[in-house]
Amino acid sequence: MRFKRMTAIAAVAVVAFGTASCAKKDEPAAPTSKFAAGTTMDRIAKAGKFNVGTKWDQPLFGLKGLAKAPEGFDVEIVKIIAAELGIKDDKVHYEETVSKVREDFISSGRVDMIVATYTINDARKEKISFAGPYYEAGQDILVAKDDTTITGPEIFKTDATKKVCSVTGSTPAKKIAEYATAPGQVVLFDVYTKCLDALKNKQVAAVTTDNVILMGYVSKEPDKFKVLGKPFTKEPYGIGVKKDDKVFRDWINDIIEKAFADGRYKAAWDKTVGAIAPMPKEIKVNRY
Amino acid sequence: MPEPLIELNAVNKWFGSLHVLRDVNLTVDRGEVVVVIGPSGSGKSTLCRAINRLETINSGTIIFDGKPLPEEGKQLARLRSEVGMVFQSFNLFSHLTILENVTLGPIKVRRESKAVAKERAMKLLDRVGIGNQADKHPGQLSGGQQQRAAIARALAMQPKAMLFDEPTSALDPEMVGEVLDVMTSLAVEGMTMIVVTHEMGFARHAAKRVVFMADGELVEQAPPAEFFDNPRSERARDFLSKVLQH
Amino acid sequence: MSILIDNFDLFANGLLGTIRLCLLAAVGSLLLGGLIAAFRVSPLPPLRALGTGYVTVFRNMPLTVVMFLSAFGLPPLGVNEASFLNVPGLNFLIPQLGNNAFFRFALIAIVLYTSAFVCEALRAGINAVPTGQAEAARSLGLTFTQNLRNVVLPQAWKFAVVPIGSVIIAMIKNSAIAGSFGVAGDLMYTSDVLVSQEGLPLLPVFLGLSGGYLLLTIPLGLFLDAVERRRAATIR
Ligand SMILES: Nc1ncnc2c1ncn2[C@@H]1O[C@H](COP(=O)(O)OP(=O)(O)O)[C@@H](O)[C@H]1O
Ligand SMILES: [Mg+2]
């Protein structure tokens with residue numbers, strides 16, 4: 001934890017230093033932007049630096065390996081928005097936003113926005129605002145490749161010996177608890193990789209969360225796991241921004257629609273999730 | 001007809017490269033009182049400790065009551081319970097009362113009932129003159145009282161022999177006498193005793209034999225009168241001249 | 001503040017969960033730590049080697065790794081569900097012991113890890129007992145275990161109780177990572193759920209969380225201070 005924070009501080013320092021030296025050489029004049037003064041877009045464009053929160057541990061959406069920046073569909077969406085702000089890819093500063101810090105990171109201004117497989121819901125809307133959804137995921141179930149006994153979440157009602165794993169405090173954990181009948185039937189860890197270890201050991205029979213995340217794990221070990229492919233919830237993924245920053249939110253929504261229409265969304269999809277799941281036929285952003 | 005209780009044959013002991021017991025041969029008969037004297041570091045304590053196997057030996061044999069010393073485990077524990085040991089620094093169990101100190105062995109090792117153990121313990125404490133201290137902890141007693149309690153503790157096991165390793169060396173002078181008195185009465189009653197001490201008076205009147213050790217060797221042994229008045233070896237003469245000056 | 005009051009029952013439950021886990025873990029660690037300490041001072045070289053090896057391994061491994069090995073390493077080795085810990089009666093008092101294999105694995109991990117430290121604290125206490133005490137006991141014919149039980153440990157305990165207390169305090173804090181290994185219902189887990197599932201703000205919830213741990217550790221610390229003072233008064 002401390003190590004992560006230190007690398008984050010180091011990264012900020014490096015970025016800040018980089019920006020300062022660039023400004024000296026190339027842009028002696030005060031920065032300008034095409035956006036209306038006072039808007040978030042204007043502030044970011046003038047600063048020339050974009051602080052973004054993503055997941056770093058979710059294959060296909062936001063996964064950071066040894067590379068400098070995370071990779072995945074969420075990151076591609078970030079890049080589309082950054083480009084519209086006139087920010088180059090290498091001026092985007094990525095922070096890891098694990099589930100429990102996301103709202104606080106936005107409210108405190110530590111990041112400008114969060115694209116992190118972030119389900120839109122009312123409780124969260126009380127503290128932050130969402131653009132999007134840019135994708136609608138749904139909770140699904142991952143099982144061992146040769147398992148034919150688990151056909152859907154109802155099985156956990158009828159067979160209490162079947163244990164199902166998810167992550168503490170997550171929406172899928174809450175949902176699957178509705179199907180569980182025996183205490184201890186839902187096993188909760190802090191990360192999904194532990195769920196997969198438990199599944200390999202046959203300590204649990206299934207892992208449940210959003211389908212896309214599950215597919216990410218399948219893509220890594222296709223001969224071990226499979227996803228049922230029958231989502232039983234709707235999980236609209238949104239882009240988290242500061243509460244009531246309607247201008248910024250609407251602007252992002254415009255970009256999402258534009259990118260979907262002009263093929264940039266498809267390119268982002270094909271580059272990441274495309275190998276495993278078909279692209280959504282339509283997206284409907286919610287302009288509230 | 002004297003009958004040997006403790007027999008050491010060609011016993012050798014090294015601490016690393018230090019040869020502390022050199023070919024020691026010693027026989028102690030039943031009821032005999034042997035006083036061991038010699039300069040500091042000559043191996044007297046090691047000799048005592050070897051006899052109840054607090055220290056292992058490297059070669060030679062030690063026979064107690066007709067049997068060689070057992071190696072480890074229950075047999076060894078039984079041997080130790082038959083040989084009482086009294087230390088220079090008393091080593092009373094500091095968390096137990098005097099009475100509990102004396103009854104621990106009989107209860108745990110001999111599996112005696114508490115009542116039986118206590119009854120004998122009280123007799124022994126009375127005998128060494130500290131019956132009224134039974135419920136105190138060792139720290140509350142004087143050195144002489146503690147050492148008498150330690151003797152009572154050893155006697156409670158009804159041992160066949162008693163080993164004393166400088167039992168009065170840590171005592172203030174005025175307390176030496178009370179401990180020696182107890183030891184003398186034991187000697188008179190016929191207890192087999194090996195006593196490491198520099199108390200020449202005790203050696204003269206209580207010991208049947210004096211053994212002189214130097215540099216791990218048993219240099220000479222003789223009845224006390226003979227040894228003190230007419231030591232044969234140079235080293236013994238040298239030692240006695242130094243000790244008797246003070 | 002109102003968040004803490006509104007969710008008081010949840011915090012209380014979490015605290016109870018942590019107390020249950022820590023109570024079991026403390027008892028287990030003291031028993032196993034005592035056994036390993038006995039190994040380390042035993043006259044038998046193989047036992048001594050075993051004790052030394054044990055301490056070397058578990059004192060130097062991060063607890064997370066021990067947790068991982070316990071939760072995911074034991075089952076392939078045949079300790080499928082660690083059901084031997086599902087003790088009838090005890091599992092009534094502590095339901096997770098019966099219905100959550102990962103509670104049992106976490107318990108095993110904490111006990112394995114903590115007992116290495118308990119062992120060393122105890123051994124330091126044993127070493128602080130003058131050698132003459134054990135020698136006197138041996139010369140009376142007490143066996144190794146009788147010696148340890150009746151003479152050495154009762155005295156070592158006095159020297160070891162404060163260090164062992166510190167080990168237990170560290171253990172209570174360490175127990176927080178059990179929530180990451182499938183133990184539901186402890187303080188850390190409860191806070192996790194309140195923040196990310198119920199969407200409560202981070203700061204007050206973590207204040208409540210810290211308060212819960214302090215509620216356990218501070219009284220223990222004060223108790224140890226008192227023991228320390230009493231001992232300082234008696235050893236002159
Ligand atoms: N445990 C030990 N390890 C190493 N050397 C020892 C040990 N015990 C005694 N010695 C050495 O062995 C020699 C004999 O010691 P000891 O039997 O205590 O002599 P004494 O009792 O006659 O003074 C001394 O040189 C002493 O330093
Ligand atoms: Mg000596």
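Letters A, B, ... are given to chains in the order of the sequence lines, protein chains preceding strands, and every chain is numbered from 1. Because the structure is predicted, anything quoted here is derived from the model rather than measured.
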**Message:** Strictly by salt bridge (charged side-chain N to carboxylate O under 4.0 Å, His left out), give each pair with a member in residues 59-78 of chain C just once, sequence neighbours left out.
**Reply:** C:R59-C:E120
**Item:** Closest non-hydrogen atom pair, B:L163 against B:C48
**Value:** CD1-O, 3.4 Å
**Message:** Do B:F164 and B:V36 have side chains that approach each other closer than 4.5 Å (heavy atoms only, starting at C-beta)?
**Reply:** no
**Fill in**
For B:A134 and B:L125, the nearest pair of non-hydrogen atoms, with its separation, is CB-CD1, 4.0 Å
Considering only heavy-atom distances, could you tabulate the donor-acceptor pairs under 3.5 Å between chain C and chain B?
residue: C:G132; atom: O; partner: B:N91; partner atom: ND2; Å: 3.3
residue: C:Q133; atom: OE1; partner: B:S94; partner atom: N; Å: 3.4
residue: C:Q133; atom: NE2; partner: B:L92; partner atom: O; Å: 2.7
residue: C:E135; atom: OE1; partner: B:R49; partner atom: NH1; Å: 2.9
residue: C:E135; atom: OE2; partner: B:R49; partner atom: NH1; Å: 3.0
residue: C:E135; atom: OE2; partner: B:R49; partner atom: NH2; Å: 2.6
residue: C:Q146; atom: NE2; partner: B:K108; partner atom: O; Å: 3.0
residue: C:N150; atom: O; partner: B:H95; partner atom: NE2; Å: 2.8
residue: C:Q155; atom: OE1; partner: B:S94; partner atom: OG; Å: 2.8
residue: C:Q155; atom: NE2; partner: B:H95; partner atom: ND1; Å: 3.2

**Request:** Tell me, out of C:A136, C:P154, C:P43, C:P130, who's got the most heavy-atom pairs with chain B below 4.5 Å.
**Result:** C:A136
**Request:** Against chain C, work out which of B:L96, B:V86, B:L92, B:L79 has the most heavy-atom pairs shorter than 4.5 Å and name it.
**Result:** B:L92
**Prompt:** Should we count CZ of C:F223 as having more than 12 external heavy atoms under 6.0 Å?
**Reply:** no
**Fill in**
Interatomic distance, CD1@B:I151 vs CG@B:L186, rounded to 0.5 Å, equals 7.0 Å
**Complete:** In this structure, CD1 of C:I36 is separated from OG1 of C:T52 (nearest 0.5 Å) by 10.0 Å
**Asked** At their closest point, which heavy atom of C:V161 faces which heavy atom of C:L224, and how far apart are they?
**Response** O-CD2, 3.8 Å
**Request:** Go through the atoms of C:A134 and report whether side chain, backbone, both or neither lie under 4.5 Å from a heavy atom of chain B.
**Result:** neither
**Asked** Side chain of C:S70, backbone of C:M67: donor and acceptor closer than 3.5 Å?
**Response** no
**Message:** Applying a heavy-atom distance below 4.5 Å, give me the residues of residues 12-29 of chain C that approach chain B, sorted by number.
**Reply:** none
**Request:** Could you name each residue pair satisfying side chain to side chain donor-acceptor pair (under 3.5 Å) that touches residues 104-115 of chain C, not counting sequence neighbours?
**Result:** C:Y54-C:S115
**Message:** Under 4.5 Å from any heavy atom of chain C, what part of B:F93 do you find: side chain, backbone, both or neither?
**Reply:** both
**Message:** Can you tell me how far apart CD1 (C:I108) and CZ (C:F103) are? Round to the nearest 0.5 Å.
**Reply:** 11.5 Å
